[in-house]
J.: 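Have a look at the structure that comes next, please.
Just so you know, these numbers use all the heavy atoms, side chains as well, and skip hydrogens, waters and symmetry mates.
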Amino acid sequence: MKELDKQKALDIRYLRMAKIWAENSYCKRRQVGALIVKDKMIISDGYNGTPSGFENVCEDEDGATKPYVLHAEANAITKIARSNNNSGGSTLYVTASPCIECAKLIIQAGIKRVVYSEKYRLTDGIELLERAGIEMVYIDKGEL
């Protein structure tokens with residue numbers, strides 16, 4: 001198997017795992033999962049939801065996402081800050097493409113590659129990550 005094929009097979013497996021991890025989210029509108037992998041080891045994980053200690057309700061009575069809900073990427077990155085792990089040079093697997101706010105966190109965390117399976121309606125996050133030289137890989141969710 002060629003190196004490129006091996007990498008794509010790994011990317012698909014980790015995205016499947018991120019998709020399963022998204023099922024932990026209590027959000028009704030959209031469940032997003034994220035894994036951070038370094039040297040073929042999962043060093044962090046996250047899913048979208050409310051901060052620790054808050055009620056697990058992501059939407060208000062009108063169905064809009066509450067402003068304090070954390071995105072999956074933000075949860076995974078902040079977990080690293082509380083651990084002995086280092087995300088420099090790692091790959092982020094996330095079920096939806098990052099927003100602009102998460103893109104800033106990804107850049108600052110030293111993540112070098114982002115693999116995602118669902119395109120978010122806004123593309124400014126992807127554009128910022130590409131501008132920062134971060135490799136962006138889209139794998140259609142139909143391949144998962």
J.: Nearest heavy-atom pair of Glu118 and Tyr138: which atoms, and what distance?
T.: N-CE1, 4.1 Å
J.: Mind checking whether Tyr93 and Arg13 have side chains closer than 4.5 Å, heavy atoms only?
T.: no
J.: In the single-linkage hydrophobic clustering (I, L, V, M, F, W, Y; side-chain heavy atoms under 4.5 Å), do Ile42 and Ile80 co-cluster?
T.: no
J.: So do the side chains of Val115 and Leu92 get within less than 4.5 Å of each other, counting heavy atoms only?
T.: no
J.: When you group the ILVMFWY residues by side-chain heavy-atom contacts below 4.5 Å and let the links chain together, are Val32 and Ile77 in the same group?
T.: yes
J.: Atom SG of Cys102 and atom CG of Asn75: how far apart are they, to the nearest 0.5 Å?
T.: 9.0 Å
J.: With Ser117, which of Lys19, Lys141, Arg16, Glu143 fulfils side-chain contact (heavy atoms from CB on, under 4.5 Å)?
T.: Lys141
J.: If we only count heavy atoms from C-beta on, is the Thr50 to Val57 side-chain gap below 4.5 Å?
T.: no
J.: Which pair of non-hydrogen atoms, one from Leu70 and one from Pro51, has the smallest distance, and what is that distance?
T.: CD1-CA, 4.0 Å
J.: Is a side-chain N or O of Glu73 found less than 3.5 angstrom from the main chain of Val94, in a donor-acceptor match?
T.: no
J.: Given the rule that I, L, V, M, F, W and Y join up when any side-chain heavy atoms are under 4.5 Å apart, are Ile36 and Leu15 in one cluster?
T.: no
J.: Keeping the roles fixed (side chain from Asn56, backbone from Tyr26), state whether a donor-acceptor pair exists under 3.5 Å.
T.: no
J.: Would a hydrophobic clustering, with Ile, Leu, Val, Met, Phe, Trp and Tyr connected at side-chain separations under 4.5 Å, put Leu144 with Met17?
T.: yes
J.: Ignoring hydrogens, what is the shortest heavy-atom contact between Gly49 and Cys58? Give both atom names and the distance.
T.: CA-SG, 4.0 Å
J.: Crowded around Lys66 NZ? As in, over 12 foreign heavy atoms under 6.0 Å?
T.: yes
J.: Please table the atom pairs, donor to acceptor, closer than 3.5 Å between any side-chain atom in residues 124-137 and protein atoms at least two apart or in another chain.
T.:
unit_1: Glu127; atom_1: OE2; unit_2: Thr123; atom_2: OG1; d: 2.7
unit_1: Glu135; atom_1: OE1; unit_2: Arg113; atom_2: NE; d: 3.4

J.: Do Ser97 side-chain atoms and Tyr120 backbone N/O form a donor-acceptor pair below 3.5 Å?
T.: yes
J.: With distance as the sole test, does Lys38 use its side chain to make a donor-acceptor pair with the main-chain N or O of Asn86 at under 3.5 Å?
T.: yes
J.: Do Leu105 and Val69 share a hydrophobic cluster, counting only Ile, Leu, Val, Met, Phe, Trp and Tyr and linking them when any side-chain heavy atoms are less than 4.5 Å apart?
T.: no
J.: Determine whether His71 and Glu101 make a side-chain contact, defined as any pair of heavy atoms from C-beta on separated by less than 4.5 Å.
T.: no
J.: Taking atom OG1 of Thr91 and atom CG of Asp39, what is their separation to the nearest 0.5 Å?
T.: 9.5 Å
J.: Check whether any side-chain N or O of Asp140 sits under 3.5 Å from a backbone N or O of Gly142 as a donor-acceptor pair, and report yes or no.
T.: yes
J.: Check whether Thr95 reaches the backbone of Gly33 with its side chain - one donor and one acceptor, N or O, closer than 3.5 Å.
T.: yes
J.: Anything under 30° is parallel, anything over 60° is perpendicular, the rest tilted; go ahead and classify Trp21 against Tyr47.
T.: perpendicular
J.: Is a side-chain donor or acceptor of Asn48 paired with a backbone partner of Arg30 at a separation under 3.5 angstrom?
T.: yes
J.: Within the supplied structure, the quantity of interest is the number of heavy atoms (other residues, nucleotides, ligands) at a distance under 6.0 Å from Asp62 CG; does it exceed 12?
T.: yes
J.: Does Ala76 offer a backbone N or O that forms a donor-acceptor pair with the side chain of Ser44 under 3.5 Å?
T.: yes
